[in-house]
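Step one of this worksheet: look at the structure below.
These values consider heavy atoms only, across backbone and side chains, with no hydrogens, waters or symmetry-generated copies. Starting from 1, each residue takes its place in the sequence as its number. In each ligand, atom 1 is the first atom listed, and ligand 1 is the first ligand listed.
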Amino acid sequence: MGIIAVHGGLDTSRDKQYLEILQDAALQGHGLLAKSRVQALEAVLRILEESPKFNCGYGSVLNFDGVVEMDAAIVDGVFSRFSAIAAIRDVHNPVSVARALMEKTKDVILAGDGAIKFARKHGFPTANCVSDEQLDAWQKARESLARGEKPTQNLYTGLAYHGDTVGCVVWDGEGLAAASSTGGCSLKTPGRVGDTPCLGGGIFASKTSAVVCTGVGEAFIETLTSKYVDEVIAGGSEPQQAIKSALKRLHELKKAEGGILAVDARGRVGSAFNAGQFPVVVVVDGKLLEDYQPVNLRQELSVH
Ligand code: ASP
């Protein structure tokens with residue numbers, strides 16, 4: 001029994017080939033849910049990190065200097081456990097490094113060279129995360145900038161309608177947990193850390209809900225959006241209402257685009273976005289919900 005909901009990031013394609021990877025990941029994760037929430041989350045995100053189609057692991061967008069720097073985090077709402085890895089390079093599975101951090105140390109966040117050193121010590125090999133497509137997109141963007149033009153690539157996906165940050169929430173009938181993994185925003189400043197490893201910003205889980213967000217991280221951090229969703233649910237709202245209210249608030253405060261996915265302690269799933277696309281798949285008791293669609297608030301909350 002239990003629920004797993006996975007998103008493929010803001011402005012990620014909803015083409016069959018993307019949805020199928022998300023569905024496969026969610027079903028595989030569901031098979032592990034009875035064993036462990038964290039193990040299930042890790043399994044889902046590892047599949048997405050290995051795919052060049054999503055902005056995480058291999059397939060991450062490149063920063064301004066042409067380097068992949070990734071963020072990932074895991075939260076277990078039952079035990080109030082959190083672990084995050086920020087601006088890590090040259091590993092395929094930042095989510096697994098985050099899990100190792102949670103299970104092997106008392107540290108909560110490791111960044112940059114320290115995170116890489118920790119990963120090597122715990123057996124994560126050096127791995128190339130620069131996909132050909134993202135390298136090509138970065139080269140074109142830098143050429144545009146050199147000509148004094150604005151790059152045409154998508155901020156989140158690095159490419160037009162490709163894949164972005166991934167996130168997953170689970171409810172196993174007893175408790176809630178969440179995990180996310182990302183290459184961040186395309187052409188970001190080297191060393192920049194987004195909302196994915198910021199508890200309460202882009203990710204949160206408690207005994208009330210599990211929440212994951214995607215969009216420009218700075219807006220989520222400065223508005224503590226995932227924590228806000230949890231508080232609204234704790235106040236009696238359904239996840240869907242809480243997410244709508246959070247996106248409205250994000251729009252009012254920051255004029256920002258975002259996608260949010262949440263599940264609560266009654267197993268109710270909500271998801272919405274105010275950008276181009278936001279693919280979400282939901283598995284309940286081992287079965288995929290056919291045609292599940294997040295609510296599109298782009299008309300109401302347009303940022304353009
Ligand atoms: N939130 C991520 C970041 O700012 C990027 C995204 O979800 O599009 O790093």
Side-chain angles (χ1 to χ4, degrees), residues 6-14 18 22 45 48-49 53-57 59-64 67-75 84-89 94-95 98 109 111-112 115 129 134 137 151 153-169 178-204 211-229 243 246-247 250 254-262 271-280 294 298 303:
V6 187
H7 77 76
L10 208 60
D11 281 351
T12 291
S13 169
R14 280 189 54 83
Y18 291 83
L22 292 171
L45 263 57
L48 306 176
E49 286 175 339
K53 293 202 177 322
F54 297 91
N55 174 11
C56 58
S60 289
V61 297
L62 275 55
N63 70 13
F64 192 80
V67 174
V68 164
E69 291 185 325
M70 300 161 286
D71 303 332
I74 304 177
V75 204
I85 294 296
I88 195 169
R89 302 183 301 277
V95 71
I109 306 177
C129 295
Q134 291 292 358
Q153 66 190 133
N154 185 292
L155 181 65
Y156 315 114
T157 67
L159 306 157
Y161 284 103
H162 194 71
D164 188 24
T165 294
V166 297
C168 180
V169 290
S180 286
S181 183
T182 188
C185 289
S186 173
L187 299 177
K188 65 188 182 182
T189 308
R192 176 265 192 188
V193 173
D195 58 323
T196 294
C198 291
L199 188 66
I203 186 164
F204 197 72
V211 186
V212 284
C213 306
T214 170
V216 176
E218 286 71 13
F220 287 88
I221 296 169
E222 290 184 323
T223 56
L224 287 177
T225 289
S226 58
K227 175 75 173 110
Y228 173 83
V229 171
I243 289 169
L247 284 173
L250 189 75
K254 292 283 166 188
K255 269 256 175 244
E257 287 181 329
I260 306 177
L261 167 66
S271 62
F273 66 109
N274 63 333
Q277 296 276 9
F278 183 47
V280 173
R298 195 176 206 181
V303 302

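How far CD of Q134 is from SG of C129: 11.5 Å, rounded to the nearest 0.5 Å.
Close approach of ligand 1 to T214 (heavy-atom distance below 4.0 Å) involves ligand atoms 6 (C), 7 (O), 8 (O). Close contacts of ligand 1 with G194, meaning ligand atoms under 4.0 Å from a residue heavy atom, involve 9 (O). Heavy-atom contacts of C185 reach the following atoms of ligand 1: 4 (O) (cutoff under 4.0 Å). Those atoms of ligand 1 with a heavy atom of T165 less than 4.0 angstrom away are 2 (C), 5 (C), 6 (C), 7 (O), 8 (O).
Just one residue in the list D11, T12, V6, L10 forms a side chain to side chain contact (heavy atoms under 4.5 Å, CB included) with P279, and that residue is T12.
The part of R192 lying near ligand 1 is the side chain, judged by heavy-atom distances below 4.0 Å.
For K227, the salt bridge (charged side-chain N to carboxylate O under 4.0 Å, His left out) partners are E231, not counting sequence neighbours. Applying the side chain to side chain donor-acceptor pair (under 3.5 Å) criterion to T196, with sequence neighbours excluded, gives no partner residue.
For the pair D195 and ligand 1, a heavy-atom separation below 4.0 Å is found. Between G215 and ligand 1 there is a heavy-atom distance shorter than 4.0 Å.
Ring orientation note: the planes of F278 and H7 are tilted relative to one another, at an angle of 30° to 60°.
In summary, E218 and R192 engage in a salt bridge, as defined by a charged side-chain N under 4.0 Å from a carboxylate O.
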